[in-house]
Student: 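Provided herewith is a single structure, encoded as structure tokens, for subsequent inquiry.
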Amino acid sequence: MIHRSLLLTLFLLVFADAATAQQSQPDWPCRQVRVPELAVGGVWAGPPLDAAVKHWRDDATIADLVTRLAQRRTPIDEAERLVAQFAKSAGDKRKERLTTLFAGVYERMNDERRDLVNGLDRFGRRLKAMAGTAREETQTLRELQDKKPPDPEAIKKASEAVQWRLRLFEEQRRMVGYVCESPALIEQRFGALARAIQQAME
């Protein structure tokens, strides 16, 4: 059976990070600030992207390269080599085609990051629902412990339910802590690709 003070301490530890994260974004489960869109201005000093964003998919070579560059399983050094090869093959249209390539990389990675952020919001809502269920189960356990005369079997079952819920919540919280790093990793890769493409224009 869980002692009340221990149970309260466990819940405070489990919910502390979630409560902090939810102050400004109720469903956001991460400590990191919620930023759904990639910022182009900080990494791109090349030509405007308006027209290029609309047409990059029309070029099969660029569309294929965008896919390869955006995939995290493609090492950055290999991505840089692919960009350099593409720039060399572009000839007199190098600047124009590199701009189109960057527009594709931006749109592809921005969509990926937005989907990931939205998925984290959904995960955060599930964590909140799980926390609510855990609080209800904790209250049930407290009421059983206060009941006179006590029912040892009911208390045992309620205690086991609370312990299971805590373990499940903690497992989910640890997992989301890892996933919360993913938006930043996408942003870092995007910045590295932007630098490689701009360098290839020079």
Student: What side-chain donor-acceptor pairs closer than 3.5 Å can you find for residues 74-84, not counting sequence neighbours?
Tutor:
| residue | atom | partner | partner atom | Å |
| --- | --- | --- | --- | --- |
| T74 | OG1 | R68 | O | 2.8 |

Student: Give me the atom names and distance for the closest heavy-atom approach of P29 to L127.
Tutor: CB-CD1, 4.1 Å
Student: How long is the span from the OG atom in S159 to the CD atom in E137, to the nearest 0.5 Å?
Tutor: 11.0 Å
Student: Which atom pairs, donor and acceptor, lie under 3.5 Å between side-chain atoms of residues 115-122 and protein residues at least two apart or in another chain?
Tutor:
| residue | atom | partner | partner atom | Å |
| --- | --- | --- | --- | --- |
| N118 | ND2 | R114 | O | 3.3 |
| D121 | OD1 | R34 | NE | 3.3 |
| D121 | OD2 | R34 | NE | 3.0 |
| D121 | OD2 | R34 | NH2 | 2.6 |

Student: Less than 3.5 Å apart, which donor and acceptor atoms pair up between the side chains of residues 43-52 and the rest of the protein, not counting sequence neighbours?
Tutor:
| residue | atom | partner | partner atom | Å |
| --- | --- | --- | --- | --- |
| W44 | NE1 | P47 | O | 2.9 |

Student: Mind checking what makes salt bridge (charged side-chain N to carboxylate O under 4.0 Å, His left out) contact with R57, not counting sequence neighbours?
Tutor: E107
Student: How many angstroms lie between CZ in R167 and CD in E171, if you round to the nearest 0.5 Å?
Tutor: 8.0 Å
Student: If I take atom CD1 from residue I62 and atom OG1 from residue T67, how far apart are they, to the nearest 0.5 angstrom?
Tutor: 12.0 Å
Student: Once you round to the nearest 0.5 Å, how far does CD of Q71 lie from CE of M109?
Tutor: 10.5 Å
Student: Would you kindly confirm whether L185 and V105 end up in one hydrophobic cluster when ILVMFWY residues are joined by side chain heavy atoms under 4.5 Å apart?
Tutor: no
Student: Indicate yes or no for a side-chain donor-acceptor contact from N110 to the backbone of L38 under 3.5 Å, with no hydrogens or angles considered.
Tutor: yes
Student: Would you say R135 and Q139 make side-chain contact, with heavy atoms under 4.5 Å?
Tutor: no
Student: H55 versus T100: any side-chain heavy-atom pair under 4.5 Å?
Tutor: no
Student: Going by side-chain hydrogen bond (donor to acceptor under 3.5 Å, both in side chains), name the residues that satisfy it together with Q198, two or more places apart in sequence or in a different chain.
Tutor: none
Student: Hey, could you give me each pair passing ring-ring contact (aromatic ring centres under 6.0 Å, His included) that has a residue in residues 112-158? Not counting sequence neighbours.
Tutor: none
Student: Can you run down the salt bridge (Lys or Arg N to Asp or Glu O under 4.0 Å) pairs that involve residues 178-188, sequence neighbours left out, and say none if there aren't any?
Tutor: R113-E187
Student: Considering non-hydrogen atoms only, spot the tightest contact between L98 and A87 and give its length.
Tutor: CD1-CB, 3.9 Å
Student: Quick one: ring-ring contact (aromatic ring centres under 6.0 Å, His included) pairs with a partner in residues 179-198, sequence neighbours left out?
Tutor: F102-F190, Y106-F190
Student: Would you please name every residue forming a salt bridge (charged side-chain N to carboxylate O under 4.0 Å, His left out) with R72, sequence neighbours left out?
Tutor: E112
Student: For R189, give me all partners under side-chain hydrogen bond (donor to acceptor under 3.5 Å, both in side chains), at least two apart in sequence or on another chain.
Tutor: none
Student: Could you pull out every donor-acceptor pair under 3.5 Å between side chains of residues 149-157 and any protein atom, sequence neighbours left out?
Tutor:
| residue | atom | partner | partner atom | Å |
| --- | --- | --- | --- | --- |
| D151 | OD1 | E153 | N | 3.3 |
| D151 | OD1 | A154 | N | 3.3 |

Student: Please list all pairs passing the salt bridge (Lys or Arg N to Asp or Glu O under 4.0 Å) test where one or both residues lie in residues 86-100, with sequence neighbours left out.
Tutor: D59-R97
